[in-house]
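Down below is the structure, laid out as structure tokens.
Reckoned from all heavy atoms, side chains included, excluding hydrogens, waters and symmetry mates.
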Amino acid sequence: MSSLTPRVLLDTSIAQLRTLASFLAEEMGEYRHQSETANLEARACKEILLTISVLIPKLQAARYVVTDDDVALGTCVGCEE
């Protein structure tokens, strides 16, 4: 049996998204006072960072809703089927 459970996958994903968010925040700081192209890149980083900041809490909430047994059975808490 694989050690990659839904909770492990969610925890790993959250950690990776936090790392990406930190990287993007640093990149945004480096784009200040630069060319228009850099401003476009900074704006893209900001949009991605905002998306990640919404996604992380949803993944954290999913850790408490989805159990390993639910996924093994093909069901989830709150699903009607």
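Summarising the geometry, atom CD belonging to E41 is positioned 8.5 Å from atom CD belonging to E27; distances are rounded to the nearest 0.5 Å.
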For residues 8-22, which side-chain donor-acceptor pairs fall under 3.5 Å, sequence neighbours excluded?
residue : atom : partner : partner atom : Å
D11     : OD1  : R63     : NH1          : 2.8
T12     : OG1  : V8      : O            : 2.9
S13     : OG   : L9      : O            : 2.9
T19     : OG1  : A15     : O            : 3.0
S22     : OG   : R18     : O            : 3.2

Validation: residues 42-62 side-chain donor-acceptor distances under 3.5 Å, sequence neighbours left out:
residue : atom : partner : partner atom : Å
T51     : OG1  : E47     : O            : 3.0
S53     : OG   : L49     : O            : 3.4
S53     : OG   : L50     : O            : 2.7

